[in-house]
Amino acid sequence: MRILFGVSLLICLFPILVKSLSPSLNDDVLGLIVFKADIQDPDGKLSSWNEDDDIPCDWVGVKCNPRSNRVSDLVLDGFGLSGTLGRGLLQLQLLRKLSLAKNNLTGRISISFAQLSNLRVLDLSENSLSGSISNDFFRQCGSLRSISLAKNKFSGHIPESLGMCSTLASLNFSGNQFSGSLPPGLWSLHGLRMLDLSDNSLDGEIPKGIEGLNNLRGISLRKNRFTGEVPEGIGDCFLLRSIDLSENSLSGGLPSTMQKLTLCNDLVVGKNGFTGEVPEWIGEMRSLETLDLSENNFNGHVPDSLGKLPSLKVLNVSKNSLSGILPESMRNCVNLLTLDISNNYFTGELPSWPFEFGLQKLLFSDNRLSGNVDNAFASSLESSRHKLVILDVSKNQLSGEIPPSAGGFSRLHLLNMSKNSFAGSIPASIGQLKILDILDLSGNQLNGSIPLEIGGATSLKELRLEKTSVGGNIPTSIGNCSSLVSLSLAHNEIIGPVPASLAKLTYLETVDLSFNKLTGTLPKQLANLGRLKLFNISHNQLQGELPAGGFFNTIAPSSVSGNPSLCGASVNRSCPMVLPKPIVLNPNSSDADPGTIPQSFGHEKKILSISALIAIGAAAAIVVGVIAITVLNLRVQTSTSRSAASLTFYGGDDSHSHTSDGNSGKLVMFSGDSDFRTGTHALLNKDCELGRGGFGAVYQTMLRDGRSVAIKKLTVSSLVKSQENFEREVQKLGKVRHDNLVALEGYYWTPSLQLLIYEFVSGGNLYKHLHEESGGNYLSWNERFNIILGAAKGLTHLHQMNLIHYNLKSSNILIDSSGEPKLADYSLARLLPMLDRYILSSKIQTALGYMAPEFACKTVKITKKCDVYGFGVLVLEVVTGKRPVEYMEDDVVVLCDMVRGSWEEGRVEECIDSRLQGKFPVEDAIPMIKLGLICTSQVPSNRPDMAEVVSILELIRCPSGGQVESGSGMGSGSGSGLG
Ligand SMILES: *[C@@H]1O[C@H](CO)[C@@H](O)[C@H](O)[C@H]1NC(C)=O
Ligand SMILES: *[C@@H]1O[C@H](CO)[C@@H](O)[C@H](O)[C@H]1NC(C)=O
Ligand SMILES: *[C@@H]1O[C@H](CO)[C@@H](O)[C@H](O)[C@H]1NC(C)=O
C-alpha cells in the first residue's frame, strides 16, 4: 500500500523532478515514460519503452532525428491505448508528428501546444476525447500543417484562434459535436487544401469570404445544420475537386459561379432545400464524376447540357420534383455507372440508352414511366448486359409482359419491377439469374404460376410475389433457393400444398403465404426452421395439425387465422388425437360389397388404437362433465328461491302486456297470447316436468288459447350473457321456423332466471323410441329413414341460417304425432358467454359419443362440421339401434369405431339393429352406414355439409334418379369426399 502510494506520488512529481534534478537525462525518455504512466496499454504494445535506456529512438512508435537523436515522430495509431493525454508529451520539444489515432484515449486535451512549436502533424482522430477546445490551443501553431480531431467527442465552438494556423493545409474535425457557427477567420487559412467539418452540429450561414481559401481542394460540410445560400465566392476556389454540402438545410439555387469549377470531380449537395431548375451551366463543370442533387426541391427538366459531362459516373437526382424525360444527349455520358432518378415525376417510356452501355445501377423507381420495357431491355448489348447489378423500375405505370430477356442480366443482384401494371406470366428465364439477391415483382397483374425454374435463382434472399394474381402451386423447386430469407406470396391465387422442400431453406426468417387458396397439411419439418420470425398462412384452406415445436409453438394466432380446418394449440383448436388418412367414402359406389374395404380403412391396428384412445378420452371427460353439471345445479338451486318469489308475483298479475315491470322480469312472446293458464308458478311444479337436459329442465304448461308449450328453465342461468345479448340471441333463434325444428315461441328474462318457451311436441324423443323398450314396439326401417331425413333437413335449415346446433343427440330429437322429427335444444350455446361456450357446450353434452373429435378438447372453435359429426353418429345410432357409447362390464364401446371396425372386417350387416333383421332389404342400410361413417370422419373437411347430406339421402331413397348403386359421380373430387 505504502509502496504503491510512493510510486504514484513519484510519477506525479516526475516532470518537476526531471527538470530540476536531472538536466543530464534525456528529456525525451522521461517525457515518454511519464506519457506511458498516464495511459493503459492492455496489449503491452509499449513494453519496449524502458526508462533505463539512454535514448528512446528504438522504442516502438518512436522515430528520432538521426542527427540530434531527439524524438521527431510519435506514431501509436491503433495501439489499443486508453487513458488520458498527460503532460509528459510536452517534454518532446522537437516533436514534428504526433499521431495517436484509433485508440481509446479519453478526457480533455488540457495541454497547450505552445511548447511543441515544431509540431506539424497532429492526429488524434478516432478516440473518445471530449470537452471543448480552448481558444489558446491554437495560439502557437506556427508550424502546424495538418490537424485531425475527427471522430472524437469534442464539443463547443470551433476556436477563432484556428485562423492563426497560417500554415495549415489540412483540417479534419469531422464526426464530433462541435456547434455554433463557423469562425470567419477560417477563411484566412490561405494554405488550406482540405477542410472537413462534416458530421457535427454546426449551424448558421456559411460565412462570406470563402474565396480566400484559394488553395482549397476539398471541402466537406456534410451533415451539419448550415442554413442560407452557398456563398458566391466558392466559384473562386478554382482548385476545388470535391464539394460535399449534403445533409444541411441550405437553400436557394446553386450559385452560377460554380461553373468555373472545371476541375471539380464531385459535387454532392443532396438532402438540402435547394430549389429551382437544375442549372444549364452544370455542363460547364467538365470534370464532374459524381453529381448528387438528390433529396432537394429541384424541379423542371434535366438539362441537355448533362450530355457535356463525359466523365460522369454517378448521377443521383432522386427525390426531387423533376419531370419530363431524360435528355437523349446523356448518351454521351459514356462513363456513367449509376443513374438514380427515382422519386420524381419523370414521364415517357423507360429510356433505352442506359441499357446500351454497361451501367451497373439503374434506379427508376417511383416515377410516371409508362409503356412496355421490351425496347429498353432489348437494347442492352451482349457486353453490357452482364454489368447491370441493380435494376429498379418499381412504382411506375409500366405495362406489357416482363420480357424473358430479363433473364439475360446475369450479374443482377436486385430486380425490382413491383407496383406496375405488368401482365402475363413470370418468365422462366428468371431462373438464370444465378446471383440475384432480391426479386420483387409484387403488385402487378400477372397470371400463370410461379415458374419451376425459380429454383435456378439459387442466391435469392428475398422473393416477393405478393399481390401478383399468380396461381398454380408453390413449386417444390423453391427448395433450391437455399439462401432465401424472406418469401412473400401473399394475396394471390396459389393452390395446392405448402411444399415440404420449404423446410430445407434454413435461413428463412419471414414467410407470408396469407390470402391464397393453399390446401393440405403443413409439412411437419417446417418446425425445424430455426430462424423463423414470421410464418403467415392466414386465410387459406389449410387443414390438419400445425407443425409442433420451434417457432410454431409461439406462432401468433393472426398468422394462422382463417383456416377453419387447421388445428393445434396455436389455433386454439385441438387436433384429433391421431389423424388417420382422409377417409373418402362413397355411399353409392358400386362396390357396395362390404367385403371390400377402402384402402384408407386398411390399418386395423391404427383404428383400434384410435378407438381405445377415444374411449379413454371419453371416460375422462365424462367424469369432468358430471362434476361440471353438478356444480351448475348447485348454483341454480341457490338462486331458485329468489326467482320463485318473483315468478309468483308475476303469476298474480293478469296483464296481457308482453313486458311486465322490471321487478319481476320481462316476458316476450314472438306471436299470439302471452298468458299462461296455469300461471308461471306451475313452472316449478315437479309434476309438470317433462325432462331435463344439459341446459335445463323442461316443463309443460298451457297458454290461454289452450295451446301447450314446453318451457325450458335454463340451469346455466348464472352463466348467460347480459340481458341485451341474451335477448338478441333469443330473438335470432325465434326467427327459426322449419317443420323439423321445434319452434321457439318466446322467452322470459330476469337476471337470475331465464325461461325459453317452445312449441310443445307430443310424441316423445327419439332416444326413448330407440333405446327404451316399449312393449315390443320399435321404429320400422321406413320410420327411421324418415327421421334421419327430417333431422337432416332441420339441421340444413339451421346451417343455412348460420346457426350451429351444438348439441345434437337422439334425446334432442322429438317426434310429433305424425312421426315427423323435430330438432330441439338447438344453438343454446349461443346464450353463453363466448369464453364458456366452448367448455360448457362440450361438457354439457351428456351423450359423449356425439362429439366430434376436435370438439373434445377444452378450447375449440365449433363449426358446422361438428354438427355433421353428431349427425353421423345419429345415423349409426338409428341404423344399429345402439347407443353412441355403450358401457359394458369392463369395456367402453364407441359406436362409430365399432361400426367402422365391422366395416373393415366385412361384417357390417351384423351391426344393423337386430329388431329389423329380416324385416327389410339389408342392402338398403349399407349406403346409410357409409353416410354415417363419412359424416364421422376424423378430419372435419372430409365431412360433407348438411345440404349434401340431404341430397345423398334423397338419392338413397329414390335410387332410380341417381344411380345409387353405380355410385358414379360421387365420392370423387371435392374435399368432403362426396363431390
Ligand atoms: C476501446 O475499448 C473498448 C472496450 O472498452 C474495446 O471494445 C475497443 O476495441 C477499444 N477500441 C480500440 C480502438 O482499441
Ligand atoms: C477525416 O477523418 C475521418 C476519420 O479519420 C476520415 O474518415 C475522413 O476521410 C477524413 N476526411 C478527409 C476529407 O480526409
Ligand atoms: C441517391 O440519393 C439518395 C438520397 O440521398 C440515396 O438514398 C440513394 O441511395 C442514392 N442512390 C444511389 C444509387 O446511391
Side-chain angles (χ1 to χ4, degrees), residues 75 77-78 99-103 105 121-129 145-154 158 168-178 192-200 213 215-224 239-250 264-274 278 289-298 302 312-322 336-344 346 354 359-367 387-395 412-414 416 438:
V75 179
D77 294 358
S99 188
L100 302 173
K102 297 179 187 156
N103 283 291
L105 299 171
V121 176
L122 174 61
D123 188 352
L124 301 177
S125 64
E126 301 185 45
N127 279 284
S128 297
L129 298 163
R145 296 283 156 77
S146 165
I147 177 168
S148 178
L149 305 179
K151 295 197 187 166
N152 276 286
K153 293 170 179 163
F154 290 115
I158 292 180
L168 206 58
S170 169
L171 173 59
N172 190 346
F173 282 3
S174 145
N176 281 288
Q177 291 145 27
F178 287 114
L192 201 62
R193 293 162 152 251
M194 195 278 285
L195 174 62
D196 188 350
L197 301 176
S198 62
D199 205 359
N200 278 289
L213 302 182
N215 268 303
L216 200 62
R217 308 292 206 277
I219 180 170
S220 176
L221 303 180
R222 185 180 56 84
K223 219 171 171 197
N224 277 288
L239 300 178
L240 267 177
R241 301 256 149 75
S242 164
I243 303 171
D244 188 346
L245 305 177
S246 62
E247 299 186 55
N248 279 289
S249 302
L250 299 167
C264 188
N265 300 137
D266 302 321
L267 177 58
V268 179
V269 298
K271 293 197 190 166
N272 275 290
F274 290 116
V278 178
E289 291 175 7
T290 301
L291 177 57
D292 183 348
L293 307 178
S294 65
E295 270 198 271
N296 279 291
N297 298 317
F298 289 112
V302 170
L312 198 63
K313 290 184 182 145
V314 176
L315 176 64
N316 191 346
V317 295
S318 68
K319 298 191 186 160
N320 279 288
S321 302
L322 299 167
L336 203 60
L337 296 175
T338 297
L339 176 62
D340 188 348
I341 64 164
S342 52
N343 293 81
N344 280 289
F346 287 108
L359 265 72
Q360 292 170 359
K361 301 181 184 177
L362 287 174
L363 297 103
F364 296 102
S365 157
D366 210 347
N367 277 289
K387 293 183 179 157
L388 196 59
V389 174
I390 291 178
L391 177 57
D392 186 349
V393 298
S394 63
K395 296 195 202 161
L412 217 48
H413 280 275
L414 174 126
N416 190 347
I438 301 177

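Given the structure is predicted, the values throughout are model-derived calculations rather than measurements. Heavy atoms only: backbone and side chains are in, while hydrogens, waters and symmetry mates are out. In listed order, ligands and their atoms are each counted from 1.
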Chi angles and distances behind the side-chain hydrogen bond (donor to acceptor under 3.5 Å, both in side chains) call for Asn343, Asp366: CA-CA 5 Å; Asn343 293 81; Asp366 210 347; 3.2 Å; yes

re atom 7 (O) of ligand 2, the protein heavy-atom contact at minimum distance is Lys151 NZ, 4.1 Å

Please determine which of Leu293, Asp244, Asp292 meets the side chain to side chain contact (heavy atoms under 4.5 Å, CB included) test together with Val269. Leu293

Among Leu197, Leu195, Asp196, the one residue meeting side chain to side chain contact (heavy atoms under 4.5 Å, CB included) with Asn172: Asp196

Taking everything shown except Arg222 itself, do over 12 heavy atoms lie less than 6.0 Å from its CZ? yes

Would you say Ile158 and Phe173 make side-chain contact, with heavy atoms under 4.5 Å? yes

Using a 4.0 Å heavy-atom cut-off, which part of Leu363 comes near ligand 3: side chain, backbone, both, or neither? side chain

Can you tell me which residue and heavy atom of the protein come closest to atom 14 (O) of ligand 2, and the distance to 0.1 Å? Met194 CE, 3.9 Å

Looking only at protein heavy atoms, which one is nearest to atom 5 (O) of ligand 2, and what is the separation? Glu126 OE2, 3.1 Å

Minimum side-chain heavy-atom gap Arg217-Met194 below 4.5 Å: no

Numbered atoms and elements of ligand 3 in range of Thr338, under 4.0 angstrom, heavy atoms: 13 (C)

Taking only heavy atoms of Glu295 into account, list the atoms of ligand 3 that are under 4.0 Å away from them. 4 (C), 5 (O)

Should you measure from each heavy atom of Ser318, which atoms of ligand 3 turn up under 4.0 Å away? 1 (C), 2 (O), 3 (C)

Strictly under 4.0 Å, does any heavy atom of Gly270 approach an atom of ligand 3? no

Atom 11 (N) of ligand 2: protein heavy atom closer than 4.0 Å? yes

Sub-4.5 Å side-chain heavy-atom contact between Ile341 and Leu322: no

Consider every N or O of Asp196 and every N or O of ligand 2, then say whether any pair is closer than 3.5 Å. yes

Does any part of the side chain of Leu239, heavy atoms only, come nearer than 4.5 Å to the side chain of Asn215, both counted from C-beta? yes

Need the ligand 2 atom indices (1-based, order shown) with element for anything under 4.0 Å from a heavy-atom of Ala150. 1 (C), 2 (O), 3 (C), 4 (C)

For ligand 2, which atoms sit closer than 4.0 Å to a heavy atom of Asn172? 1 (C), 2 (O), 3 (C), 8 (C), 10 (C), 11 (N), 12 (C)

Let me see the working for Ser198 and Ser174 under side-chain hydrogen bond (donor to acceptor under 3.5 Å, both in side chains), right down to the final yes or no. CA-CA 5 Å; Ser198 62; Ser174 145; 3.2 Å; yes

Pull out every atom of ligand 3 sitting under 4.0 Å from any heavy atom of Ser294, numbered as shown with elements. 2 (O), 3 (C), 4 (C), 5 (O)

Give the atoms of ligand 3, by number and element, whose distance to some non-hydrogen atom of Asn316 is under 4.0 Å. 1 (C), 2 (O), 3 (C), 8 (C), 10 (C), 11 (N), 12 (C)

